[in-house]
Amino acid sequence: MEPMEMYLPLIWAALIGVAVALYIILDGFDLGIGILFPFAKNETERDQMMRTVAPFWDGNETWLILGGVGLFVAFPRAYAAIMPALYLPVIVMLVSLVFRGVAFEFRTVSHSKTGWSFAFALGSTLATFSQGLVLGGLVQGVKIVGGQYAGGPFDWLTPFSVLCGVALIAGYALLGSTWLHMKTDGDVAARAQRQAKYWLIAVLLFMAAVSLYTPLNEPRIAQRWFSLPNFYFLWPVPTVTALVAFACWHWIERGREVPPFLAAIALFLLGYVGLVISNFPYLVPPSLTIWDTAASPGSQVFMLIGTLFLLPMVLGYVIFVYWLFRGKVHAGESYH
Amino acid sequence: MDADPVLLARLQFAFTVVFHIIFPSFTIGLSAWLATLGGLWLATGEERYQHLMRFWTRIFAVSFAMGVVSGIVLSYQFGTNWSRFSAFTGDVLGPLLGYEVLAAFFLEATFLGILLFGFNKVPPWLYTLSAGIVAFGTMSSAFWILSANSWMQTPAGYAVKNGVAVPVDWLKIIFNPSFPYRFAHMLNAAYLTTAFVVLGVGARFLLEGRSLREGRTMLRMGIGLAVVLAPLQLFIGDQHGLNTLEHQPIKVAAMEGHWDGSKPADFHLFAWPDEKAGKNDFAISIPHGSSLVLTHSWDGKFPGLLSVPPDQRPPVVTVFFAFRIMLVLGFYMIGAALYGAFLWWRGTLFETRWFLRVVANSWWVGFVAVISGWVVTESGRQPWLVYGVMRTADGISPVPGATVLGTLGLFIVAYGIVFSFGIYYMNRLIKHGPDTPEPDEQSDNFSGNPISAARSAGHDI
Ligand code: HDD
Ligand code: HEM
Ligand code: HEM
């Protein structure tokens with residue numbers, strides 16, 4: 001292989017990996033607010049919860065577009081193989097995002113907020129569940145013949161993908177509750193603190209279940225983790241995860257505000273790293289690697305130049321806006 | 001009977017993309033209008049500009065939210081519904097969409113937060129600048145997506161290697177032959193569409209006798225804009241058509257209902273194209289009209305539909321009528337704008353109630369013209385997905401028809417709900433009007449004396 005054709009896909013895989021990680025974290029707490037909506041006492045509390053993300057949600061969701069489009073840019077053949085395979089969960093996710101997205105504005109204009117609060121909660125939860133299905137469906141493998149998807153419309157539906165769906169709901173709820181504890185005060189913050197502990201326990205249980213299930217059912221993943229010398233390098237991943245989880249619990253107990261949220265993010269990143277270790281270099285397990293599906297070097301270079309210039313700018317003004325809307329959102333503050 | 005996956009995939013894409021385009025047509029124009037109002041507010045310090053800006057921002061927020069969520073759907077549909085197309089064109093179209101996300105979507109989405117929630121947090125100049133940045137973002141997003149779409153109409157700067165299209169010359173890809181025309185025509189369409197909405201709302205306020213100062217401002221700004229943009233759109237459209245004749249002659253033949261290329265073409269005011277027999281029924285025509293417009297000569301000839309076999313012709317009836325709808329609305333907009341300008345010049349714009357009633361009920365014309373224009377462009381491209389290179393039937397995903405049918409139903413129900421509520425809420429916001437105290441002297445001069453109304457109109461521009 002030419003050096004360009006060797007390294008460009010690696011660079012792009014890393015970039016898309018970062019975009020997806022940013023998406024999971026940023027839209028994670030944002031969707032988490034929706035998952036936690038049913039537990040709020042009244043619409044005033046829900047207003048307060050929504051206010052914490054209202055200026056950011058559109059930007060957060062843009063990382064999802066970047067993830068999808070990034071795949072289309074750098075690995076068009078992977079994009080073309082994955083999307084038809086996961087057709088139904090992807091479409092259900094999109095339709096759910098429609099309802100939760102418009103709810104941000106519709107809720108403030110309508111006579112009664114209850115209807116759109118319900119749409120927001122259901123849309124957020126279903127979108128999260130579908131994302132888990134997509135993840136599970138991908139990890140368990142996709143049937144490819146001649147570069148195109150060759151399975152049926154429901155191949156993705158397995159106990160494992162459903163497990164991933166439920167796990168992700170717990171994960172986003174953990175991100176959401178630690179975020180709320182940090183960004184609100186009063187009853188909402190107190191409830192978020194209580195709930196964060198339960199969600200943390202749930203997340204740990206699901207992480208354990210997924211970590212047991214995948215090596216048991218996918219020999220290639222067992223091989224990756226438990227063969228020597230890999231094992232020597234990889235055992236820190238679960239160890240650090242346990243430490244972070246412990247710290248997160250401790251900080252929630254102590255009523256600290258920022259650290260639990262950061263610890264929840266770290267937990268997500270560790271789980272994510274675990275998945276990457278399990279599946280690299282496959283983009284469409286178990287058959288297509290990043291090199292099989294890469295766009296031509298001309299396309300990858302053209303986009304890379306722009307990305308190296310534009311991505312820092314994007315990060316710059318995204319951080320500026322988060323900084324601008326820093327601080328707690330108090331109960332009863334007006335919306336617009 | 002098994003559902004035809006090609007037809008269903010087309011229907012699904014057409015439905016979702018038509019739904020989407022409604023909102024960009026409005027938000028591209030509206031964000032520019034918000035930025036303009038902000039600029040006027042900063043420059044003059046007059047409160048009415050700020051009231052108008054705050055008022056339209058609420059409406060903008062609702063429309064933008066619907067634009068965003070329906071756009072996300074589209075960006076994934078390239079993969080879900082058109083996976084073979086994506087595999088074939090990804091190397092060329094991928095980066096164009098990638099630049100759209102990085103250079104446009106992040107810009108709009110992030111500064112939207114400041115525009116919607118920052119009024120009490122940032123100084124007026126930064127608030128106005130955010131509106132400007134959002135406007136610039138929507139324009140750049142149109143630039144990239146229209147470049148991608150135009151490449152599908154007039155592919156250039158690429159080569160086919162190992163069964164996929166690979167880039168050879170990026171400048172030729174981005175600035176492909178139909179792109180400059182399409183970009184100018186669509187951008188102008190968005191501004192024109194918004195001008196008619198603003199005009200309609202202004203007229204409605206005057207008719208209902210409320211927010212008069214703001215209403216008059218809207219009416220004047222709307223007319224001023226439309227009287228320039230509507231004739232300009234005719235000119236750009238004409239140039240666009242000439243360019244299409246050069247690159248996609250069969251599309252033009254379908255637009256004109258022109259079958260036999262060996263004869264000069266009439267312009268059909270009305271006709272019913274008979275696709276089986278290859279001729280028009282019930283034609284009412286201007287002799288040699290199309291030849292005159294398209295070749296600038298009385299006896300000029302251009303290719304007719306019969307010059308290609310039936311399986312290479314687009315759906316003629318659709319293209320033919322969609323084109324006529326766009327033209328009728330285009331000329332209507334020119335007429336309305338010119339007449340409004342005439343009334344303004346005479347000083348009777350605010351009292352000519354029949355005219356106010358007409359424009360108050362014309363807020364929708366831009367949207368219908370935009371959708372018709374896109375139907376001409378996209379249906380006229382058929383049976384090609386990438387013109388002359390890849391057929392639509394070869395671009396679809398290996399997904400069963402029943403699945404596509406089911407999700408099409410889902411989209412129809414979901415969009416139906418969201419659209420109905422969205423329109424209803426926007427209408428409520430308009431009904432509520434700007435949050436301004438209604439000073440007495442304002443309401444006086446409308447219903448009362450037309451001369452003094454006209455005079456005070458002259459004052460507050
Ligand atoms: C002429 C302009 C235009 C056209 C032809 C299209 N769009 Fe669009 N799109 C916009 C102009 C726009 C816009 C003005 O930038 C948005 C922002 C909010 C809105 O209402 O429209 C938008 C939003 C928007 C978003 C959400 C962006 C965000 O989060 O801010 C996505 C993912 C897409 N679009 C994707 C598409 C795709 C895949 C299209 C083609 C099939 C498409 N758009 C046609
Ligand atoms: C009044 C005279 C007009 C003429 C002669 C005209 C001409 C054209 C032509 C020839 C096309 C097809 C080009 C192609 O597909 O290659 C087109 C497309 C289009 N038109 Fe028009 N048009 C007119 C008015 C309008 C108006 C008033 C609007 C909307 C406000 C509009 C919006 C569009 C849009 C959105 C498209 C599709 C995008 C594109 O291809 O540019 N047009 N027009
Ligand atoms: C990059 C931008 C776009 C791409 C890649 C694209 C692609 C496609 C594809 C793949 C189809 C299905 C094939 C077909 O039946 O025609 C289609 C159909 C269609 N598209 Fe586009 N499109 C784009 C932009 C738009 C926009 C902005 C509109 C505006 C409303 C639009 C309107 C339509 C319509 C009306 C159809 C149905 C045509 C038919 O059924 O014959 N397209 N387009």
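What you see is a predicted model; the values in this text were computed from it and never measured.
- Of all non-hydrogen atoms in A:T62 and B:A109, the two that sit nearest each other are OG1-CB, 3.5 Å.
- Looking at heavy atoms from C-beta onward, B:Y99 lies in side-chain contact with A:L310 at the 4.5 angstrom threshold.
- For chain B, the nearby parts of A:V318 are the backbone and the side chain; heavy atoms of each come within less than 4.5 Å.
- Contact annotation for B:I417: only side-chain heavy atoms (C-beta onward) come within less than 4.5 Å of a heavy atom of chain A.
- When each of B:G90, B:A103, B:P398, B:G79 is scored by its heavy-atom pairs under 4.5 Å with chain A, the top score falls to B:G79.
- Rounding to the nearest 0.5 angstrom, the gap separating the CD1 atom in A:I91 from the OG1 atom in B:T80 is 4.5 Å.
- For the options B:L96, B:T89, B:D91, B:N81, heavy-atom pairs under 4.5 Å to chain A are most numerous at B:D91.
- For B:V399, the part lying under 4.5 angstrom from a heavy atom of chain A is the side chain only.
- Between chain B and the residues A:T307, A:L64, A:V92, A:I82, the largest count of heavy-atom pairs under 4.5 Å involves A:L64.
- Distance CD/A:E105 to CD1/B:I59: 12.0 Å, rounded to 0.5 Å.
- Counting heavy-atom pairs closer than 4.5 Å to chain B, the top residue among A:P84, A:A119, A:A150, A:A74 is A:P84.
- Contact annotation: the side chain of A:H111 approaches that of B:R428 to within less than 4.5 Å [non-hydrogen atoms, C-beta and beyond].
- Between A:W116 atom CH2 and B:F421 atom CZ the span is 5.5 Å, to the nearest 0.5 Å.
- Side-chain atoms of A:V90 and B:Q77, non-hydrogen and from C-beta on, never get closer than 4.5 Å to each other.
- More than 12 heavy atoms of other residues, nucleotides or ligands sit less than 6.0 Å from atom NZ of A:K328.
- A:V109 touches chain B through backbone and side chain together, each having a heavy atom under 4.5 Å away.
- When every heavy atom of B:Y76 is checked against every heavy atom of A:L94, the shortest pair comes out as CB-CD1, 3.7 Å.
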Using the rule given for side chain to side chain contact (heavy atoms under 4.5 Å, CB included), can you reason through A:F320 versus B:T110, listing the C-alpha separation, both sets of side-chain angles and the distance that settles it, and then say yes or no?
CA-CA 9 Å; A:F320 170 69; B:T110 310; over 6 Å; no
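- Among all heavy-atom pairs drawn from B:G422 and A:F106, the shortest one is CA-CZ, 3.5 Å.
- No donor-acceptor distance shorter than 3.5 angstrom exists from the side chain of A:Y79 to the backbone of B:A87, with no hydrogens or angles considered.
- A 4.5 Å side-chain heavy-atom check between A:M83 and B:S397 finds every atom pair outside the cut-off.
- At a 4.5 Å heavy-atom cutoff, the contact between B:Y424 and chain A is made by side-chain atoms alone.
- With a 4.5 angstrom heavy-atom cutoff, B:L126 touches chain A only via side-chain atoms.
- At a 4.5 Å heavy-atom cutoff, B:V168 makes no contact with chain A through either its backbone or its side chain.
- Side chains of B:F105 and A:L66 form no contact here, defined as non-hydrogen atoms less than 4.5 Å apart.
- At least one side-chain heavy atom of A:Y317 sits less than 4.5 Å from a side-chain heavy atom of B:L107.
- Counting non-hydrogen atoms of other residues, nucleotides and ligands closer than 6.0 Å to CZ of A:F118 gives a total of 12 or fewer.
- To the nearest 0.5 Å, atom CG of residue A:D58 and atom CG of residue B:L112 are 5.5 Å apart.
- By the 4.5 Å heavy-atom criterion applied to side chains, B:S86 and A:P76 are not counted as neighbours.
- Of all non-hydrogen atoms in A:V95 and B:A414, the two that sit nearest each other are CG1-CB, 3.8 Å.
- Crowding of B:F119 atom CZ: a count of heavy atoms from other residues, nucleotides or ligands under 6.0 Å exceeding 12.
- Contacts between B:L102 and chain A at a heavy-atom distance below 4.5 Å involve backbone atoms as well as side-chain atoms.
- In terms of heavy atoms, A:F325 sits closest to B:G113 at CZ-O, 3.7 Å.
- In plain terms, the two heavy atoms of B:S75 and A:V69 that are nearest each other are CB-CG2, 4.4 Å.
- Of the listed residues (A:S296, A:A81, A:A78), the one with the most heavy-atom contacts under 4.5 Å to chain B is A:S296.
- Of the atoms belonging to B:I114, heavy atoms from both backbone and side chain fall under 4.5 Å from chain A.
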Determine, stepwise, if the pair B:R58 / A:T108 fulfils side chain to side chain contact (heavy atoms under 4.5 Å, CB included).
CA-CA 10 Å; B:R58 297 295 310 276; A:T108 63; 3.7 Å; yes
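- With values rounded to the nearest 0.5 angstrom, B:W170 atom CH2 is found 5.5 Å from A:F302 atom CZ.
- In this structure, the side chains of A:S110 and B:Y425 come closer than 4.5 Å at one or more pairs of heavy atoms.
- Contacts with chain A were tallied for B:V92, B:V62, B:L115; B:V62 has the most, counting heavy-atom pairs under 4.5 Å.
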